[in-house]
Structure formats: structure tokens, C-alpha cells
Amino acid sequence: MKMKKIITTIVVIFVSVSSAFSQFSNNQLNDVVKALKAGGKSDEEIKNTVNGIINNPELYNTLWKNFIDQAYKQDSVKWKLLKDVNVQFKTFQTTDNPATSLGFTYDFNYDYAKYTEHNKNRISNSFGLSAKGNVAFKKQFNPVDFLETKVHYNYSRFIGGVVTQKDTAIYTELNNIRFKLASITDMQSKEAIELWEQLGKKMVMSNQYYYALSPKFALESNQDFSKKQFTPGISIDLGAKAWNAKNPLSYLNIFDYPFAVLRYITGTDKKFTVYGSTIPTAQFTFDYVVPSSDTTRNNLVGNLNPYPRIKFETGFRTFITRIKKENIFFNANYRYYQELNAPDVIKKANLNTNSYFVMALQSTSGFYVSYANGKLPFDAKNQEIYSIGFNYKFN
Amino acid sequence: MADWSKNNRACTTLWTTLYSMKQLSTNFDDSGDLKMNDLTFYNSLGSAELRKQQSTIIADQLDNVFRLGSGATFETGIDRTKAMGNMIEILTDEEKQVKDLASIVDDAYNFWGEKK
């Protein structure tokens, strides 16, 4: 029932706001049919062609984009929220069935944030609403990941980052150095290196530290709401950056050592330089899961008692080298999930912990080679990265 | 918004800052068209939450360098909330380019010695 409501809402939006475009699309379809008829195609062939067009998610993505553009153009204040709604239509397919179904993925994020300064610290307070999920128009094609609707508050604090410069003469010198640097093509030239050193002496960057606390309340459910759970919880974010490579904190970034060697060997860096700017950031999350309806868990465990769970995620990305116009980066991401004090039956089924590690070499134009190991919980799969073993793509 | 030009303080200050932060390694002319996912902080393998965290850290540091290190002030009607929000919106969008970031930086900050 809810599914029909969603579909109906989207259809109504399309019809009411982008009627002109819809008319244009209908005219285009009629033209296609006429052309096929003129070409002597059978009714069956015409039907297949038209179905192919109608079932192409790109058609609906174009309509959606047009709707957003038109609505925003008509009244940018009234439709401001639309800018935060990311909807993408796509085709869903189950692993055991070659048939497909149209559907969409949605990701809505609205944050009201206030950034203020207090002495040497900067603080932000934000309140946010978010919703994300995947929905197939035919129920049997729905993916196994959960829809998540969440309200959250976030308190963040930033410390350090730059040494305050109050000498206005230095501001002028910095402008002159920046202008000269922008005129140089070869950043490895002696002149450029000297100017970068001068810039670094006059605009001194220091270590930057960051932490954030985010209490939240979320509703997680499958697409037909037969499984749903409430998840109050809190996330803690931690980050540190040594923007000055000569700072001792940079040398603690052990993850960057192999790449510092590669940058030195390839001549990307003239000296062995460990990047303190790529120190991994981390997020810890603690949730208290209150299942509301979940027949599978009830049958497996025998009850729907609340349970705590933790999640940890960290990411690392660093620059390796530049070959012609291609920047080569190394990326890695690690996620760990655990249900705390899980019942024995959950442990025996190996459902109490999950970890997932993925690393990839990526280039600017989209070339990548990746390796992944482990698995994500079924309710947290992200198909963009969920591929085990080695993968590659050459453009 | 001015074009990506070395005569624009927002462009040159943004570029030198991103370079000093090891976010890019290209010369000025080649940097305007770089997309956000060409910058070192943008890890496409991570969750959206982690990317937002990284973008927020970068935006905070850009604001630090512009105002505390280089003497920029906010344009009329702009405060830290608006400047940070606008920069984070660009930084989290992998398709946006460095010159798009320069555009909103130009709108938000009055750089030292900049003629309006």
C-alpha cells in the first residue's frame, strides 16, 4: 500500500510539474512509433521497442532532473528542499531471476547548521533529517538493504589549523607570491619550489584536530515495513591533520609511508615526504536496536528483545603520482559491525560480527583496480563498492 | 563569478591553499577543471557520512587560511555558517570542479587587497 503511495506521488509530481516535458516525451514516443510503422515493423516489434524505452531508467532520470530544474526555476524558495533530494531511477534484478524491475534509490539530507567561533576553537551545531533507501516498483525485486529515516543532532569542534597572521604587509606578500606561482607551469621547477617555500614560511599551517558527537534516532525498515526497528544511538567522529609535513604528527601517519616512497621514486616529491594531511579519520557508532517487527529474528532468537550494536569505520586516501593528465590515488576503507552480547543462535550463524575492507588504485579518468575482503551486514550493503576479490575497470 | 583566472584572488588563494594542503599537485591552469573526486580527501570507497566529515574538515581549514592566515573578510551578508555550508555543499559533490568551489569562495570572501 505504501509502495503504491510512493509511486503515485512521484507520478503526480511528474504529471503536474513537468507536464510540458511529458507532452514532449509523448510526442517523441509517437514519432518513434510512426517511424517504426513506416519502416514496416510488426506490432510486436514496435511494442518491444516502446517497452524498452519505457523501462529504461534513464528516461525517468531525465524526467526527474527536468522536474527539479523547472520547479526550482519557478520558485526557488518553495522548492529549496528539492535540492537536498537525490533520486535516481535504476533497474533492479535478483540473483536468481533474469527478469528486471524498475525502481529508484533515494537519498535525502537536510541539515540546519550553525558554525561559530569561540577564541581559538570553532564550533558547529547542526540538526538534520535524512532518509535513504532503494525501492523496486515490483515488491519481489526489492533489495535486502534497509530504508533508513533519521533525525540527528551534531556537535562538532575544530581546533588549530593555521597560525594567525596579523601583519598586513604579509598579506600583500602572500598575494604576490600566489600570483607568481599561478604563472608558473612546472611546479617542480627551482623557481616554483622556492616560491612554495616562501609561501609556507609566511602562511604557517599547524595541526588541525576535529571531533564531533552526533546523537540520533532512526527508523530502519525493509521496503514493505514487515521488518522494522528503531535505533537510537550516538556517533563519535575523530580527525587530525598535520597540514605541515615537517610536523612530528605527520610521521605518525604510518599508512602513508609506502606511498611516500613511491612519490619519492617517481619524482612526484623531490624529498621523502610523509603526508600528515592524509591521516585517516574515523567514526564510531553505538546503537541500541529496538526491533518492532521482524518475523525472521523472532523465529531465530525466540524474542524481539532490544540489543546494542557498534559500528566502526575508517578511511584513507593518498596521492601516489601524476602520469600525463592522470592523477593516481590509493584509497582504502574499513568497516566493522558487531551485535554486542548476541544470542548464541546469532553467533552460531556468524551474524553477530561483520567486517569489510576494500582498497583501490584509482585514476582521474576512472581506471581502477580494487581488492575487497569480508562482508557488510545485509542491511548496510552498498552496491557501489560491494564486490569481493579483485576488480578492475579500464577506460 | 569571475572565470578561473590568476588575476582573481579567490582562484589563486584557493589553488595555493589546496596545493599546500596536498589536495592537488597540478599547476594553476590545470587545476580549475579538476573535480572534487580528483582531490586527495575525496574517498569514494567510504560512506557518505565519512566523506561529509572529510569535507567539513577541508572547509574549516580553507576558512582558516583565507581569514586567519591571509586577511580575508566575509562579504556583506555572509557569515561563517553560510561560507562553510556553501563550501561543504560543493566539496561533497564529486562532479563539482575546483572552479565551482572558487566561485562560491569568491562570493563569500573579500580577499586582502581585492578590488570590488
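Everything numeric in this text was worked out from a predicted model, so none of it was measured. Each chain gets a letter, A, B and so on, in the order its sequence line appears, and its residues count up from 1.
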*Asks:* Please determine, among A:Lys241, A:Lys325, A:Glu117, the option with the most heavy-atom pairs under 4.5 Å with chain B.
*Replies:* A:Glu117

*Asks:* I'd like to know whether NZ of A:Lys180 has more than 12 heavy-atom contacts from other residues, nucleotides or ligands below 6.0 angstrom.
*Replies:* no

*Asks:* Decide, yes or no, whether a salt bridge links A:Arg122 with B:Asp63 under the criterion of side-chain N to carboxylate O below 4.0 Å.
*Replies:*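 So A:Arg122 does not pair with B:Asp63 through a salt bridge.
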
*Asks:* Taking all atoms of both residues into account, what is the closest heavy-atom pair of A:Ser277 and B:Lys22, and its distance?
*Replies:*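 For A:Ser277 versus B:Lys22, the nearest heavy atoms are OG-CB, 3.5 Å.
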
*Asks:* Counting C-beta onward and ignoring hydrogens, is there a side-chain heavy-atom pair between B:Ser20 and A:Met205 closer than 4.5 Å?
*Replies:*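 With C-beta onward as the side chain, the pair touches.
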
*Asks:* Once rounded to the nearest 0.5 Å, what's the spacing between atom OG1 of A:Thr164 and atom CG of B:Asn64?
*Replies:* 8.0 Å

*Asks:* Select one option (side chain, backbone, both, neither) describing which atoms of A:Leu195 are under 4.5 Å from chain B's heavy atoms.
*Replies:*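 For A:Leu195, neither part sits under 4.5 Å from chain B.
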
*Asks:* What part of A:Tyr171 gets closer than 4.5 Å to chain B, counting heavy atoms only: side chain, backbone, both or neither?
*Replies:* both

*Asks:* Checking heavy atoms, do the side chain of A:Ala332, its backbone, both or neither come under 4.5 Å from chain B?
*Replies:*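 Contact with chain B involves the backbone of A:Ala332 alone.
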
*Asks:* Relative to chain A, which segment of B:Leu24 carries a heavy atom at a distance below 4.5 Å: side chain, backbone, both, or neither?
*Replies:* neither

*Asks:* Determine whether B:Leu50 and A:Asn333 make a side-chain contact, defined as any pair of heavy atoms from C-beta on separated by less than 4.5 Å.
*Replies:*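 Side chain of B:Leu50 against side chain of A:Asn333, heavy atoms only: contact under 4.5 Å found.
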
*Asks:* If I measure from the heavy atoms of chain B, does A:Asn327 come under 4.5 Å with its side chain, its backbone, both, or neither?
*Replies:*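 Answer is side chain: those atoms of A:Asn327 sit under 4.5 Å from chain B.
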
*Asks:* With chain A as the partner, which of B:Ala48, B:Ala83, B:Ser25, B:Ser31 has the greatest number of non-hydrogen pairs under 4.5 Å?
*Replies:*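 Of B:Ala48, B:Ala83, B:Ser25, B:Ser31, B:Ser25 has the most heavy-atom pairs under 4.5 Å with chain A.
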
*Asks:* Counting only heavy atoms closer than 4.5 Å, note whether A:Ala212 contacts chain B via side chain, backbone, both or neither.
*Replies:*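 Neither part.
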
*Asks:* A side-chain contact here means heavy atoms from C-beta on lying under 4.5 Å apart; do B:Leu45 and A:Phe316 qualify?
*Replies:*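 No, too far: nothing below the 4.5 Å cut-off.
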
*Asks:* For the interface with chain A, which of B:Thr40, B:Asn37, B:Thr26 has the highest count of heavy-atom pairs at distances below 4.5 Å?
*Replies:* B:Thr40

*Asks:* Between B:Gln53 (side chain) and A:Tyr211 (backbone), is there a donor-acceptor pair under 3.5 Å?
*Replies:* no

*Asks:* Quick check on the interface: out of A:Phe179, A:Phe319, A:Trp196, A:Phe158, who has the most heavy-atom pairs with chain B under 4.5 Å?
*Replies:* A:Trp196

*Asks:* Return the set of residues passing side-chain hydrogen bond (donor to acceptor under 3.5 Å, both in side chains) with B:Asn43 (not counting sequence neighbours), or none when no residue passes.
*Replies:* none

*Asks:* Can a side-chain donor-acceptor contact be found between A:Thr281 and B:Gln54 if the only test is distance below 3.5 angstrom?
*Replies:*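 Their side chains do contain a donor-acceptor pair, which is all the 3.5 Å distance test asks for.
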
*Asks:* Considering only heavy atoms, which portion of B:Arg80 lies under 4.5 Å from any heavy atom of chain A: side chain, backbone, both, or neither?
*Replies:* both

*Asks:* Taking A:Gln165 for the side chain and B:Ser70 for the main chain, is one N or O donor matched with an acceptor at less than 3.5 Å?
*Replies:* no

*Asks:* Where does B:Thr13 contact chain A at under 4.5 Å (heavy atoms): side chain, backbone, both or neither?
*Replies:* both

*Asks:* Given a strict heavy-atom distance threshold of 4.5 Å, which part of A:Thr278 is in contact with chain B: side chain, backbone, both, or neither?
*Replies:* side chain

*Asks:* Below 4.5 Å from any heavy atom of chain A, which atoms of B:Ile58 appear? Answer side chain, backbone, both or neither.
*Replies:*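 For B:Ile58, the contact with chain A is made by the side chain alone.
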
*Asks:* By a 4.5 Å heavy-atom criterion (distance strictly below it), what part of B:Lys82 contacts chain A: side chain, backbone, both, or neither?
*Replies:* neither

*Asks:* Can you tell me which portion of A:Ala360 sits under 4.5 Å from chain B's heavy atoms? Options are side chain, backbone, both or neither.
*Replies:* both

*Asks:* What closest approach, in Å, do B:Leu68 and A:Val162 show between heavy atoms, and which atom pair accounts for it?
*Replies:*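 Heavy atoms only, the tightest pair is CB-CG1, 3.8 Å.
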
*Asks:* Have A:Ser183 and B:Lys6 got a donor and an acceptor in their side chains that come within less than 3.5 Å?
*Replies:*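 Distance-only check passes for A:Ser183 and B:Lys6.
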
*Asks:* Please say which of A:Arg335, A:Lys311, A:Glu313 ends up in a side chain to side chain donor-acceptor pair (under 3.5 Å) with B:Ser47.
*Replies:* A:Glu313

*Asks:* Should we count CZ of A:Phe255 as having more than 12 external heavy atoms under 6.0 Å?
*Replies:*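 For A:Phe255, atom CZ is not crowded (no more than 12 foreign heavy atoms under 6.0 Å).
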
*Asks:* Side chains of A:Trp243 and B:Gln61: closer than 4.5 Å at any heavy-atom pair?
*Replies:* yes

*Asks:* As an exercise: rank A:Lys114, A:Gln208, A:Gln283, A:Lys166 by heavy-atom pairs under 4.5 Å with chain B and give me the winner.
*Replies:*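 The answer is A:Gln208.
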
*Asks:* Begin from the C-alpha positions of B:Trp112 and A:Thr168 and carry the test side-chain hydrogen bond (donor to acceptor under 3.5 Å, both in side chains) through to its verdict.
*Replies:* CA-CA 9 Å; B:Trp112 183 256; A:Thr168 56; 5.8 Å; no

*Asks:* So for B:Asp30, is it side chain, backbone, both, or neither that comes closer than 4.5 Å to the heavy atoms of chain A?
*Replies:* side chain

*Asks:* Evaluate the side-chain contact (heavy atoms from CB on, under 4.5 Å) criterion for residues B:Glu114 and A:Asn175: first the C-alpha distance (whole Å), next the side-chain angles of each, then the deciding distance (0.1 Å), finally the verdict.
*Replies:* CA-CA 10 Å; B:Glu114 197 173 34; A:Asn175 282 340; over 6 Å; no

*Asks:* For chain A, which of B:Lys52, B:Met21, B:Met84 has the most heavy-atom pairs under 4.5 Å?
*Replies:* B:Met21

*Asks:* Can you tell me how far apart CG (A:Leu199) and OG1 (B:Thr17) are? Round to the nearest 0.5 Å.
*Replies:* 7.5 Å

*Asks:* Can you say whether A:Leu174 sits under 4.5 Å from chain B via the side chain, the backbone, both, or neither, judging by heavy atoms?
*Replies:* side chain

*Asks:* Any chance the side chains of A:Arg178 and B:Thr16 put a donor and an acceptor closer than 3.5 Å?
*Replies:* yes

*Asks:* Whether the B:Ser44 and A:Gln362 side chains hold a donor-acceptor pair (N or O, under 3.5 Å, no angle test) is what I'd like checked.
*Replies:* yes

*Asks:* Tell me, yes or no, whether the heavy-atom count around A:Lys216 atom NZ, taken from other residues, nucleotides or ligands under 6.0 Å, exceeds 12.
*Replies:* yes

*Asks:* Apply side-chain contact (heavy atoms from CB on, under 4.5 Å) to the pair A:Ser156 and B:Thr56, showing each step before the final yes or no.
*Replies:* CA-CA 10 Å; A:Ser156 305; B:Thr56 305; 5.7 Å; no

*Asks:* Among B:Trp15, B:Tyr42, B:Tyr19, single out the residue with the greatest number of heavy-atom pairs under 4.5 Å to chain A.
*Replies:*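 So the answer, after comparing B:Trp15, B:Tyr42, B:Tyr19, is B:Tyr19.
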
